[in-house]
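Beneath this line is the structure, given in structure tokens, with notes to follow.
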Amino acid sequence: MRKNIYVLMFTIAAVFNGWSQSHQKFTINNNWVFYKGDIDVSKIENSSTEKEAQWETINIPHTWNNIDATDDTPGYYRGIGWYKKSIFIAEEERPKTKTFIYFEGANQVADLYVNGKRVGQHKGGYTRFHFDISSFLKYGQDNILAVKVDNSHNIDIPPLSADFTFFGGIYRDVFLLKRSAIYFSMDDYSTSGVYISTPEVSKTIAKVEVKSLIKNELIGNKAVNLVNRIIDKYGQTVATTTKKVKFSKNEKNKTVLEAFTIKNPQLWSPDNPYLYNVITQIEDAKTGEVLDQSIEPLGLRWFNFDPEKGFFLNGEHLKLIGTNRHQDYLKKGNALSDEMHMRDIRLLKEMGGNFLRIAHYPQDPTVLEMCDKLGILASVEIPIVNAITESEAFTENCLVMAEEMVKQNNNHPSLIIWAYMNEVLLRLPFSQKTEKARYEIYAKNVTQLASKIEAHIRELDSSRYTMIPNHGAISRYKDAGLTAVPMILGWNLYQGWYGGVFKGFDENLDELHELFPNQALIVTEYGADVHPRLHSFESNRFDYTVEYGNKYHEHYLKSIVERPFIVGANIWNLNDFYSESRGYALPRTNLKGITTLNREKKDTWWLYKTYLSKEPVVKFGQNQWTIRGGVAESGTQHCTQPVTVYSNGNSVELLHNGKTYNVEVKNNIARFSIPFVNGTNALVAKSVIDSKTFVDVMDVDFRLAPNKFSDYKDEFYQLNVLLGSKRIYEDKKQSIIWIPEKAYQAGSWGFVGGEPYQPKTKYGSLPSSELDIIDSENDPIYQTQRVGIEQFKLDVPDGKYAITLHWAELESDKEHEKLVYNLGDDKVKEDISDRVYNILINTVYVEKQFNLRARYGSEKAVQIKYEIQVTSGKGIIIDFEKIKGLPVLNAFQVRRM
Ligand code: GCB
Ligand code: CA
């Protein structure tokens with residue numbers, strides 16, 4: 001007995017020791033130095049000769065574009081950056097340790113040098129790669145790792161263009177890996193060397209196959225045992241095999257396939273994401289020492305797509321509803337910690353989503369790890385976006401990327417779709433009209449490339465579906481033959497945003513079903529840009545208001561749910577994300593997220609949660625909107641505005657400053673009209689769900705603007721007005737509210753003359769400018785204006801006032817690269833006309849020959865504050881006296897001093 005225990009302890013110790021030496025993986029993220037620019041490699045190694053000042057100490061994850069891609073200056077650095085770090089390698093590691101460096105991602109071409117010698121290169125910004133650096137190392141000393149990363153535009157590497165920022169750098173974890181001489185090979189596109197598949201799964205039986213690639217660096221015969229063990233959630237072994245594997249002299253690689261049967265398996269699903277693990281070990285046949293070990297997730301499920309009835313998981317129908325996701329975050333660019341990636345997937349789960357399109361590129365490994373754990377079905381794609389290059393090199397890079405994607409992500413049970421080519425016929429290099437013949441060759445080449453990728457993916461993995469997501473120009477894809485290539489068709493549809501009306505979306509869906517009756521259809525994208533600080537009660541396409549985004553999603557959600565042949569849908573997007581060429585309400589940002597860049601939840605997140613989640617929800621809509629404002633209704637001391645409450649109860653009771661309102665819930669929303677008073681408005685919403693009461697509270701600080709100054713009970717203090725606009729803008733930083741303009745009426749305030757500025761663009765005539773306004777954090781104040789304004793008048797009481805006039809010249813003389821999305825692209829230079837005018841305040845000239853563009857340039861925020869005194873009941877009259885062109889005013893502010 002005693003002896004037995006002794007033997008057991010000895011074995012555990014041996015295994016533990018062997019383990020700790022033979023298989024190690026740890027990050028080397030800290031304390032790198034970075035240099036933006038190119039450097040002579042020969043100077044890299046010898047750190048004493050460089051000017052230290054040029055190298056900045058940084059940690060990985062790192063990008064060099066987090067500032068310049070988000071500032072007011074167009075463009076961002078796309079070029080070379082160098083990273084350098086020294087690592088100590090102990091003398092004892094010389095005899096048998098193999099050392100690898102492993103990158104989870106670097107954008108977009110990375111060259112590794114060790115001790116001044118070039119080790120290798122990896123192309124592509126979104127897939128993982130590694131290098132064996134064993135033979136480059138000096139033992140018992142410091143070794144210099146240097147990585148040259150290049151994010152220049154490269155016609156041979158996708159993506160060529162896209163609506164997101166190509167942040168450069170080593171932006172995901174970097175690891176050092178140590179192995180002993182026999183180990184699971186990473187030679188196959190940096191996989192773990194262990195591949196899991198489930199050729200057959202049912203309620204009663206699951207067949208599991210485990211394929212291992214073993215690499216042998218020893219010379220001479222060697223025998224190892226390959227031990228496979230499947231353990232359940234609680235660590236209990238449910239199946240195990242041991243196989244002897246013999247390497248003959250000089251034999252380097254071996255593939256070993258093992259098959260298992262599990263009876264009455266626990267199935268994996270969104271409601272019960274049950275995970276087994278497969279533990280695979282290489283043991284020394286003589287000593288039993290564990291030479292290498294791999295642990296992979298195993299989820300048992302089966303699924304199929306039916307073009308009529310939808311998606312079925314484990315034989316049960318499941319409507320797939322969720323989001324897309326981009327990998328960036330406020331001020332950090334794409335350089336995020338694991339936890340920040342994980343948080344996003346939790347946000348999706350918390351919302352009740354069961355579907356994630358990992359767009360437009362493979363993301364951090366934690367993303368699919370979380371999908372497995374939380375039960376979110378996923379698709380992932382390679383970043384061929386908007387266009388292709390008709391070259392062998394481009395084709396080759398696409399095929400390699402596809403192979404990296406498939407192999408590196410193979411083991412995730414949550415993953416069900418491989419995708420490629422997003423809206424690849426959007427940016428046409430040849431006009432369909434004037435260069436018809438050439439366009440047709442291009443379209444053929446696109447389809448040929450698709451067919452190659454399709455065949456390659458299917459050969460690598462026949463257990464999942466394939467998909468191509470297209471944009472709304474349906475016939476373009478059909479005529480090119482592209483729609484016939486993948487198993488599933490994805491459609492990115494934006495009717496009611498880029499053009500058209502909401503109903504167009506429904507028509508599109510029905511048309512697609514008719515055109516492609518034999519392919520499953522997914523709405524891979526739909527969304528509207530929303531800036532959570534912008535509101536309107538007369539909201540419109542392209543006004544970026546919360547209210548328009550709500551209308552859009554309320555309509556789309558219903559249309560998607562009503563149609564069983566729409567097997568799934570992904571909101572564009574889970575989060576706002578950086579897109580450098582965008583101006584819009586929050587420059588450099590695509591605002592179609594249902595959360596912001598720092599993951600504040602917008603209304604739409606709550607809308608979906610209320611519909612999808614099984615948890616009780618009672619939540620105020622517009623709950624981020626804490627400073628409201630509006631004009632008092634004539635003869636009253638209040639302003640009535642809508643308040644919405646999301647609830648999955650039947651009715652909601654709302655208390656406002658002691659008064660109670662009761663409303664029935666329709667389509668998960670209770671809609672109220674509340675008379676807001678000046679100052680604090682306390683709101684409480686109550687709803688009974690499953691016989692329990694749930695409550696939400698919201699305090700609104702309402703800034704009641706006077707209608708007739710003589711009616712106004714409180715002392716008049718401040719008024720902030722947006723000209724040419726129906727929007728309300730909340731400036732949280734300065735704690736003020738901007739309200740829409742109104743026409744002047746006697747005793748009140750407002751403009752006289754002119755028209756709202758409505759730029760004519762390829763998306764139609766829009767309610768605000770798309771320019772990024774220089775020198776302002778509050779672009780929406782400057783993006784609207786009244787053109788041809790004659791007067792601004794206020795019948796204020798006597799007193800001392802500060803008046804601020806705000807301008808930005810919106811007719812720009814600069815060339816702009818116009819986006820892109822859904823309608824093609826080109827550079828646009830607007831026709832501009834000069835405008836010159838005089839300004840008078842209470843008949844005194846304050847500006848003569850005022851020429852905004854000549855004085856300040858266009859697209860620039862300009863403010864002039866005038867202090868004036870009002871006497872003898874004359875109020876304030878500002879006159880705009882036109883000399884040439886039409887006078888403009890963007891915003892008006894008055895404060896009683
Ligand atoms: C799309 C693209 C996506 C864009 C989106 C948009 O169709 O696939 O990359 O960001 O539209 O917001 O315009
Ligand atoms: Ca990571």
> Tyr757 and Gln783: side chain to side chain donor-acceptor pair (under 3.5 Å), yes or no, with the steps?
Replying inline: CA-CA 9 Å; Tyr757 173 67; Gln783 286 164 329; over 6 Å; no

So that I can tick it off, tell me whether [Y] and [X] are bridged by a salt bridge, with the cut-off set at under 4.0 angstrom between side-chain N and carboxylate O.
{"X": "Arg533", "Y": "Asp731", "result": "no"}
{"X": "Asp834", "Y": "Lys884", "result": "yes"}
{"X": "Arg588", "Y": "Asp71", "result": "no"}

Can you tell me how far apart [atom1] ([X]) and [atom2] ([Y]) are? Round to the nearest 0.5 Å.
{"X": "Tyr77", "Y": "Ser152", "atom1": "OH", "atom2": "OG", "value": "7.0 Å"}
{"X": "Asn851", "Y": "Tyr856", "atom1": "CG", "atom2": "OH", "value": "10.5 Å"}
{"X": "Leu489", "Y": "Lys478", "atom1": "CG", "atom2": "NZ", "value": "11.0 Å"}
{"X": "Asn324", "Y": "Trp572", "atom1": "CG", "atom2": "CH2", "value": "5.0 Å"}

Is a side-chain donor-acceptor pair under 3.5 Å present for [Y] with [X]?
{"X": "Tyr729", "Y": "Asn778", "result": "yes"}
{"X": "Gln108", "Y": "Asn151", "result": "no"}
{"X": "Asp163", "Y": "Asn590", "result": "yes"}
{"X": "Asp576", "Y": "Thr589", "result": "no"}
{"X": "Lys726", "Y": "Thr545", "result": "no"}
{"X": "Asp506", "Y": "His555", "result": "yes"}
{"X": "Tyr782", "Y": "Glu859", "result": "no"}
{"X": "His471", "Y": "Tyr477", "result": "yes"}
{"X": "Asn492", "Y": "Glu423", "result": "yes"}

Given side chains that start at C-beta, do those of [X] and [Y] come closer than 4.5 Å, heavy atoms only?
{"X": "Arg563", "Y": "Asp510", "answer": "yes"}
{"X": "Asp72", "Y": "Asp772", "answer": "yes"}
{"X": "Phe505", "Y": "Tyr494", "answer": "no"}
{"X": "Ile594", "Y": "Met351", "answer": "yes"}
{"X": "Asn667", "Y": "Leu557", "answer": "no"}
{"X": "Trp491", "Y": "Asn508", "answer": "no"}
{"X": "Arg541", "Y": "Tyr763", "answer": "yes"}

>> As a quick check of understanding, evaluate side-chain contact (heavy atoms from CB on, under 4.5 Å) for Ile522 and Ile417, giving each step before the final call.
In response: CA-CA 11 Å; Ile522 293 178; Ile417 299 168; 3.8 Å; yes

> In chain order, what residues pass the side chain to side chain donor-acceptor pair (under 3.5 Å) check against Asn668, with sequence neighbours excluded?
Replying inline: none

> Is there a donor-acceptor pair under 3.5 Å between the side chain of Asn386 and the backbone N or O of Leu426?
Replying inline: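 No; zero donor-acceptor contacts below 3.5 Å.
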
>> Looking at Tyr442 and Ile388, would you say the former's side chain and the latter's main chain have a donor-acceptor pair under 3.5 Å?
In response: yes

> Any salt bridge (charged side-chain N to carboxylate O under 4.0 Å, His left out) pairs touching residues 431-443, not counting sequence neighbours?
Replying inline: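 Sorted result for residues 431-443: Glu390-Arg438, Lys436-Glu440.
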
> What pairs of residues pass the salt bridge (charged side-chain N to carboxylate O under 4.0 Å, His left out) test when at least one of them lies in residues 545-562, not counting sequence neighbours?
Replying inline: Glu554-Arg671, Lys558-Glu562

>> Please determine whether side chain to side chain donor-acceptor pair (under 3.5 Å) holds for the pair Glu730 and His535, giving the CA-CA distance in whole Å, both sets of side-chain angles, and the decisive distance to 0.1 Å.
In response: CA-CA 8 Å; Glu730 182 189 23; His535 297 274; 4.8 Å; no

> So does Lys332 have more than 12 non-hydrogen atoms from other groups sitting under 6.0 Å from NZ?
Replying inline: no

Report the relative orientation of the aromatic rings in [X] and [Y]; use parallel for angles under 30°, tilted for 30 to 60°, perpendicular for over 60°.
{"X": "Tyr548", "Y": "Phe502", "value": "tilted"}
{"X": "Trp497", "Y": "Tyr544", "value": "perpendicular"}
{"X": "His326", "Y": "Tyr361", "value": "tilted"}

> Between Val501 and Gln495, which heavy-atom pair has the shortest distance, and what is it?
Replying inline: O-CB, 3.5 Å

> Of all heavy-atom pairs between Glu381 and Pro362, which one has the smallest distance, and what is that distance?
Replying inline: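 The answer is O-CD, 3.1 Å.
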
> Excluding sequence neighbours, so at least two apart, what forms salt bridge (Lys or Arg N to Asp or Glu O under 4.0 Å) with Lys860?
Replying inline: Asp775

> Can you name the residues that form a ring pair (Phe, Tyr, Trp, His ring centres under 6.0 Å) with Tyr837, not counting sequence neighbours?
Replying inline: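 Counting only residues at least two positions away or on another chain, Tyr837 forms a ring pair (Phe, Tyr, Trp, His ring centres under 6.0 Å) with Phe850.
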
> Among all residues two or more places apart in sequence or in another chain, which pass the ring pair (Phe, Tyr, Trp, His ring centres under 6.0 Å) test with Phe751?
Replying inline: none

> So, do His553 and Tyr608 have ring centers that fall under 6.0 Å from each other?
Replying inline: yes

